Protein chains: 2
Amino acid sequence: MSGADGASAPSRADRLAQRLPERELDALLVSDLVNLRYLTGFTGTNGLALVGADGERTFLTDFRYLDQAEAQVPAEFAQIRGKESLLEDVAPRLAGRVGFDDEHLTVKAHEQLGAAVGEGVALVAAGGLVEELRAVKEPSEIERIARAATIVDEALGALAEAGLAGRTERAVALSLERDLCERGAERESFPIIVAGGAHGALPHASPRDEPIPSGSLVIVDLGAIVEGYCSDCTRTFATGALDGEAAEVYALVLAAQERALQAVRAGAGVVEVDAVAREAIADGGHGERFGHGLGHGVGLEVHERPRLSPRGEGTLAAGNVVTVEPGVYMSGAFGVRIEDLVVVGEEGPEVLSGFPKALVTVA
Amino acid sequence: MSGADGASAPSRADRLAQRLPERELDALLVSDLVNLRYLTGFTGTNGLALVGADGERTFLTDFRYLDQAEAQVPAEFAQIRGKESLLEDVAPRLAGRVGFDDEHLTVKAHEQLGAAVGEGVALVAAGGLVEELRAVKEPSEIERIARAATIVDEALGALAEAGLAGRTERAVALSLERDLCERGAERESFPIIVAGGAHGALPHASPRDEPIPSGSLVIVDLGAIVEGYCSDCTRTFATGALDGEAAEVYALVLAAQERALQAVRAGAGVVEVDAVAREAIADGGHGERFGHGLGHGVGLEVHERPRLSPRGEGTLAAGNVVTVEPGVYMSGAFGVRIEDLVVVGEEGPEVLSGFPKALVTVA
């Protein structure tokens with residue numbers, strides 16, 4: 001996982017270390033558990049890594065995870081058994097300008113760390129360094145994400161066979177959850193959304209014990225985890241003949257989604273890609289009803305960098321894996337969201353989501 | 001949920017407000033989502049509350065959760081539609097000494113908040129205020145935790161019928177997860193641990209695709225969530241006749257667990273209760289092999305206050321709900337952990353876990 005297999009490629013920790021001088025850092029303390037997993041493979045709930053520009057590679061965990069760390073963390077890291085406060089255990093090892101995860105470390109933990117370090121140590125806010133590495137996926141990461149996306153495609157196919165109308169949202173969500181696991185997922189990547197009729201107008205609806213109505217729209221938003229990597233996909237199904245407005249909104253969202261997909265390529269600005277969908281929906285008269293960003297990166301976390309949003313920053317890079325998911329939410333009536341997961345390439349997107357986007361009616 | 005139903009009892013927000021003067025605070029900004037749920041009932045993923053000693057009760061969320069907040073958050077809170085950075089939206093409303101969740105707020109968010117507030121505002125680290133309220137459960141909370149505990153008892157009973165030896169750890173964990181949901185849980189309260197043989201020596205083992213051996217011990221640690229409230233229970237099963245050491249260690253852990261249970265009562269020091277089990281295990285010659293705390297509070301989170309540990313602080317209070325879970329981990333051989341969930345009472349514990357603790361053999 002982290003190039004312990006020889007000189008063929010620099011490890012993730014090595015690539016991180018190479019980026020320290022540009023931030024004028026002597027070392028980076030990695031405390032966020034997802035960043036830690038990315039760098040070291042460690043999947044426990046208490047660990048810390050110190051990566052130095054000078055070659056320091058130290059990993060700390062407590063008693064509970066020693067055997068696990070031995071098995072997971074590559075030999076480039078020296079392993080130290082800490083007590084429960086790993087920040088206090090690592091403090092004596094720090095020297096110079098030491099970056100920390102300010103996007104993750106709490107104010108309290110930062111204060112404890114500050115009280116424990118020696119005189120010459122400067123703690124420097126340095127969030128995002130590992131996240132920036134994570135945003136550009138390696139082939140082995142894309143392969144896992146693609147498997148997680150395929151599992152969702154299959155589960156949606158089975159759902160279309162099993163039917164929707166008359167089942168409760170909760171029963172559908174629960175059966176999807178099981179189905180993901182039976183098809184090889186570790187688990188779902190977030191609580192599955194099944195939102196029928198007016199409930200679909202809440203973009204983050206929780207499944208209810210309410211039967212899904214006929215002749216309406218149902219938003220189904222789900223993802224799987226395969227070897228730690230997430231997928232994310234939304235489809236909106238019809239449960240019978242729709243009135244004109246629902247069908248029109250569906251067509252509008254689909255057109256916006258497909259136009260935005262065509263804009264996804266290396267070098268495209270995240271604000272500009274978002275704007276492609278946003279303008280299409282505004283032109284259709286529903287600009288006020290698309291209140292969230294167009295998409296987000298997906299990897300070890302279901303929401304990570306980059307962010308496709310009017311408030312995002314920067315450009316897409318080849319190897320980013322992002323969602324493209326415009327939606328229109330008609331308060332009190334219904335919602336439509338259509339979401340694909342795509343790999344950003346030099347020439348355009350490679351779409352990982354394979355389930356049809358033309359309106360599927362599932363009675 | 002939060003006394004909007006009249007003058008009968010002060011709401012949780014009112015009880016929080018009553019505690020602000022002792023910390024010399026004019027208001028508390030509640031940003032942690034679990035604390036927010038406790039105070040307001042809100043279950044979305046972006047929200048913020050401001051509770052003032054002067055009666056201010058403000059709740060902020062973004063576009064995605066407006067309908068949900070309308071339905072969940074009681075009328076004592078004025079609701080404001082924020083943008084995506086709720087901290088920046090709330091900043092102009094702050095005045096005087098304003099506490100914040102320093103145990104949860106990140107260094108970066110704190111800096112953003114500091115940059116956005118007006119001149120006369122002092123941001124004061126005030127973590128733990130809501131957590132201290134949460135640690136003492138109301139009857140309605142205990143009732144939900146008890147239901148979550150009963151679901152686990154039933155699932156363990158079904159597991160004892162279904163068998164363990166020869167099934168993979170992962171298959172057992174997956175079937176337990178389903179079973180919890182079928183019995184009415186929202187979901188499991190943490191990733192279920194099923195750890196057979198030597199794998200049981202890792203206190204936080206992840207289930208593997210490995211068959212559970214016969215004639216060994218298997219640690220099964222699981223919890224359910226009912227209406228947001230967690231349970232937590234561990235049993236160690238035998239999968240056939242055990243060698244003498246495994247049986248002895250089981251008996252030692254059970255004796256330590258039962259002695260510690262007897263020490264659980266209002267007013268008992270958390271360090272002292274922990275020490276009861278720790279000394280019993282040390283007397284049995286395995287003191288070095290019990291490397292974690294005796295237990296922890298359980299409620300909206302599966303780990304919350306109080307903490308029963310050599311490094312814990314304070315005393316137990318009536319209405320605390322805690323685990324009592326000593327373990328002994330024999331590296332390379334097996335592990336034993338036995339965990340009950342108990343309500344702290346004036347005279348002793350009310351044990352919510354009902355599955356037998358005498359060694360159960362499940363072939």
Side-chain angles (χ1 to χ4, degrees), chain A residues 32 43-46 62-68 71 81 83-85 100-111 113 123 125 127-128 170 173-174 177-178 181-182 186-188 190-191 198-199 201-207 288-293 303 307 309-311 327 329 331-332, chain B residues 32 43-46 62-68 71 81 83-85 100-111 113 123 125 127-128 170 173-174 177-178 181-182 186-188 190-191 198-199 201-207 288-293 303 307 309-311 327 329 331-332:
Chain A
D32 174 62
T43 59
T45 65
N46 193 28
D62 70 52
F63 154 86
R64 297 169 297 169
Y65 295 111
L66 293 178
D67 290 354
Q68 181 176 337
R81 173 179 174 157
K83 305 210 177 68
E84 273 185 59
S85 171
F100 68 92
D101 275 349
D102 64 314
E103 295 175 11
H104 299 288
L105 202 69
T106 67
V107 171
K108 183 161 189 175
H110 178 252
E111 190 169 287
L113 178 63
L123 296 175
R170 185 171 142 84
L174 195 55
E177 199 176 309
R178 286 182 197 172
C181 291
E182 276 171 13
E186 283 167 34
R187 60 183 59 246
E188 71 280 16
F190 57 89
H199 199 219
L202 280 61
H204 280 225
S206 292
E288 287 298 300
R289 299 190 178 90
F290 172 29
H292 55 73
H303 290 103
R307 179 179 177 208
S309 150
R311 287 170 294 277
Y329 307 94
S331 187
Chain B
D32 174 62
T43 59
T45 64
N46 193 28
D62 70 51
F63 154 86
R64 296 169 297 170
Y65 295 111
L66 293 177
D67 289 355
Q68 181 176 339
R81 173 181 174 156
K83 305 211 176 68
E84 274 184 59
S85 171
F100 67 93
D101 275 349
D102 65 315
E103 295 174 11
H104 299 287
L105 202 68
T106 68
V107 171
K108 182 160 187 175
H110 177 252
E111 190 169 287
L113 178 63
L123 296 175
R170 185 172 142 84
L174 195 56
E177 199 176 309
R178 286 182 197 173
C181 290
E182 276 171 13
E186 284 166 34
R187 58 184 61 244
E188 71 278 17
F190 57 89
H199 199 218
L202 278 61
H204 279 226
S206 292
E288 287 298 300
R289 299 190 178 90
F290 172 28
H292 55 73
H303 290 103
R307 178 180 178 207
S309 150
R311 288 170 293 277
Y329 306 94
S331 187

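As the structure is a computational prediction, the values presented were derived from the model and not from experiment. These numbers come from the heavy atoms of this one structure, side chains and all, not from hydrogens, waters or symmetry mates. We name chains A, B, ... by the order of the sequence lines, and we start the count at 1 in each one.
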- Query: Got a sec: does the CD of B/E288 have more than 12 other heavy atoms crowding it under 6.0 Å?
  - Reply: no

- Does A/N46 reach the main-chain N or O of A/D62 with its side chain, forming a donor-acceptor pair under 3.5 Å? no

- Cut-off 4.5 Å, heavy atoms of chain B, and the answer for A/E111 is neither

- Return the set of residues passing ring pair (Phe, Tyr, Trp, His ring centres under 6.0 Å) with B/H110 (not counting sequence neighbours), or none when no residue passes. B/F100

- Item | Distance in Å, A/Q68 CD paired with A/T43 OG1, rounded so as to fall on 0.5 Å steps | 4.0 Å

- Counting heavy-atom pairs under 4.5 Å to chain B, which of A/H104, A/E103, A/R187 comes out on top? A/E103

- Interface moiety of A/P191 toward chain B, non-hydrogen atoms closer than 4.5 Å: both

